[in-house]
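What follows is a short report on a single structure.
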Amino acid sequence: MAERLSLGAMPNATEPSPLRDEIAGIPVARLAREFGTPTFVYDAARIVQRIRDLAAFDVVRYAQKANSNLAILDLCRRHGTRVDCVSAGEISRALAAGFQAQGAPPPIAYTADIFDRESLDLVVERGIYVNCGSPDMIDQYGERAGRRDIALRINPGFGHGHSQKTNTGGEQSKHGIWHEQVPACLERARRLDLHVSGLHMHIGSGTDLAHLSKVCGAMEDAVRRVGTGITSISAGGGLPVPSRAGEPAIDLDAYFELWNQSRQRIEAELGHAVSLEIEPGRYLVAESGYLVTEIRAVKQMGRNTFYIVDAGFNNLPRPILYGAYHGMSIAPAAGASRERALREVVVGGPLCESGDIFTQEEGGFVLTRTLPDAGVGDYLVIEQAGAYGFAMSSNYNSKPHAAELLIEDGRVHLVRRRQSVEDLIRGESIPPRG
Ligand code: LLP
């Protein structure tokens with residue numbers, strides 16, 4: 001990747017980014033002064049609005065892998081979502097945020113392709129609803145659980161995502177039960193006294209309406225294979241969020257209508273009501289989040305100007321992983337001039353790795369971005385950082401995890417304090433000598 005990055009930066013035809021003074025009504029400079037940088041800031045009202053956008057679905061099940069901070073889980077719960085978990089840790093978070101272990105529809109679902117030993121113990125002990133993504137899960141659960149309802153996650157044989165790495169369907173994907181194996185899995189379940197009450201399909205993350213719509217027909221076929229026991233179907237997540245100016249938002253009414261028609265055909269065939277779930281992660285939280293960074297150096301490298309900020313791919317790995325595009329804006333330091341010319345810049349972070357660039361496309365090619373002129377002490381705000389930002393962050397280069405703030409009704413809440421150096425080395429030890 002280092003070699004590719006040494007290629008000259010290619011200009012990128014995007015809208016010039018604006019100055020940004022505030023987030024959810026609170027000045028960026030004040031947030032940075034009080035809480036330091038880098039810091040993730042979430043606007044609760046955005047999340048609530050996004051939950052409301054999906055009210056036509058019977059169940060909105062938040063895929064917490066996108067952002068599992070307890071305060072976000074609590075906010076989603078207070079606004080009526082259920083929650084999807086993929087690990088024992090995520091189940092523990094859901095319980096800590098006040099979700100009940102059991103209920104109808106299940107407040108918590110565990111969706112995975114395997115059980116590790118901790119998660120199997122936890123779902124059995126707490127009676128958590130399980131969505132099995134492999135025949136082995138059915139066996140392992142059936143041997144421990146006794147008579148229970150389960151869902152099957154089906155791989156319909158096709159998938160699509162914003163990157164090949166987020167495509168979760170088809171033969172190259174490890175996810176779900178292959179659609180042709182549904183009858184055999186039903187038989188397995190029956191032998192173990194498990195009752196398949198739900199079917200689920202998630203073809204990928206950041207896909208589009210054309211691909212998502214294909215899932216409805218695949219779901220109808222799968223329900224036919226299972227028969228009358230099905231009482232709920234899940235459309236999975238994957239709703240895209242526009243990241244560049246002028247990109248259209250997904251037509252949610254059209255999407256719901258497609259699923260509703262499928263659901264009605266299924267109900268007519270089965271002769272009873274079927275609940276329709278959706279399982280978004282990105283859609284609910286991406287746009288609520290901002291990563292506030294401080295510019296710590298402005299460097300000229302040949303023809304390229306670099307803004308080097310104090311956050312890196314340890315905080316937000318989406319650009320280095322997928323070439324993901326994030327909007328950016330400059331928040332002037334307190335008292336600094338707001339008269340700024342625009343310039344073409346590359347934005348990078350502090351890590352000792354040349355891929356630590358926020359303005360790159362898939363494959364590691366560096367791009368420039370049109371941003372206001374800025375200097376050391378100004379803030380650079382990375383937008384749409386609410387989904388798969390903190391959740392995928394690491395301690396690479398021994399960088400502590402960032403702080404997280406939630407702004408709700410004009411009040412700023414510190415919902416995760418910045419990690420300290422003590423936190424960073426907790427649990428490590430040097431073997432005694434002699
Ligand atoms: N349900 C299942 C079973 C999933 O695997 C996922 C995402 C979702 C729901 C939520 O998908 P969403 O609505 O957020 O698209 N780290 C990547 C995204 C990975 C998604 C993994 N699974 C990124 O930053 O784009």
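Both ligands and their constituent atoms are indexed starting at 1 by order of listing. Computed from a prediction, not measured in an experiment: that's the story for all the values here. Hydrogens, waters and symmetry mates are skipped; everything else that's a heavy atom, side chains included, is used.
The closest donor-acceptor contact from the side chain of T168 to the backbone of I203 lies under 3.5 Å. Judged purely by atom type and a 3.5 angstrom limit, H272 uses its side chain to pair as donor or acceptor with the backbone of T228.
If you look at A63 next to ligand 1, the close heavy atoms, those under 4.0 Å, all belong to the side chain. At a heavy-atom distance under 4.0 Å, only side-chain atoms of H202, from C-beta outward, approach ligand 1. Contacts of Y322 with ligand 1, taken as heavy-atom pairs under 4.0 Å, involve the side chain alone. Only the side chain of H162 comes within contact range of ligand 1, with a heavy atom under 4.0 Å; no backbone atom does.
Using cut-offs of 30° and 60° on the angle between ring planes, the pair Y110 and F115 is parallel. Using cut-offs of 30° and 60° for the angle between ring planes, the H162 and Y322 rings count as perpendicular. Ring-plane geometry between Y396 and F313 is classed as parallel, the angle between the planes falling under 30 degrees on a 0 to 90 degree scale with a further cut at 60. Using bins of under 30°, 30° to 60° and over 60° for the plane-to-plane angle, the ring pair Y255/W259 lands in the perpendicular bin.
Using a 4.0 Å cutoff on heavy atoms, A66 does not count as a contact of ligand 1. The shell of residues lying under 4.0 angstrom from ligand 1, judged by heavy atoms, excludes G236. Under a 4.0 angstrom heavy-atom cut-off, A387 registers as lying outside contact with ligand 1.
Nearest to atom 15 (O) of ligand 1 among the protein's heavy atoms is S205 OG, 2.4 Å.
Judged as a salt bridge (Lys or Arg N to Asp or Glu O under 4.0 Å), the pairs with a partner in residues 272-292 (not counting sequence neighbours) are, in order, R50-E287, R61-E277. Pairs of residues two or more places apart, or lying in two chains, that qualify as salt bridge (Lys or Arg N to Asp or Glu O under 4.0 Å) and include a residue from residues 182-203 are D139-R188, R147-D193, E187-R190.
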- Task: Just do the salt bridge (charged side-chain N to carboxylate O under 4.0 Å, His left out) check on E220 and R224 with the steps written out, would you?
- Result: CA-CA 6 Å; E220 289 179 44; R224 267 179 219 118; 3.6 Å; yes
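The shortest N/O to N/O separation between R153 and ligand 1 does not fall below 3.5 Å. Between E279 and ligand 1, at least one N/O pair is under 3.5 Å apart. Taking any N or O of R318, backbone or side chain, at least one lies under 3.5 Å from an N or O belonging to ligand 1. Some N or O of G281 is nearer than 3.5 Å to an N or O of ligand 1, by distance alone. By the 3.5 Å distance cut-off applied to N or O atoms, Y388 is counted among the residues near ligand 1.
Shown here is K299, whose NZ atom has no more than 12 heavy atoms of other residues, nucleotides or ligands within 6.0 Å.
Salt bridge R144/D121: present, at least one basic N to carboxylate O contact under 4.0 Å.
Proximity to G206 (heavy-atom distance under 4.0 Å) selects the following atoms of ligand 1: 15 (O). For ligand 1 and P280, the ligand atoms under 4.0 Å from any heavy atom of the residue are 13 (O). In summary, the atoms of ligand 1 found under 4.0 Å from a heavy atom of G237, numbered by their order in the structure, are 9 (C), 13 (O).
With atom 22 (N) of ligand 1 as the reference point, the heavy atom nearest to it among H175, K65, R282, M392 is part of K65.
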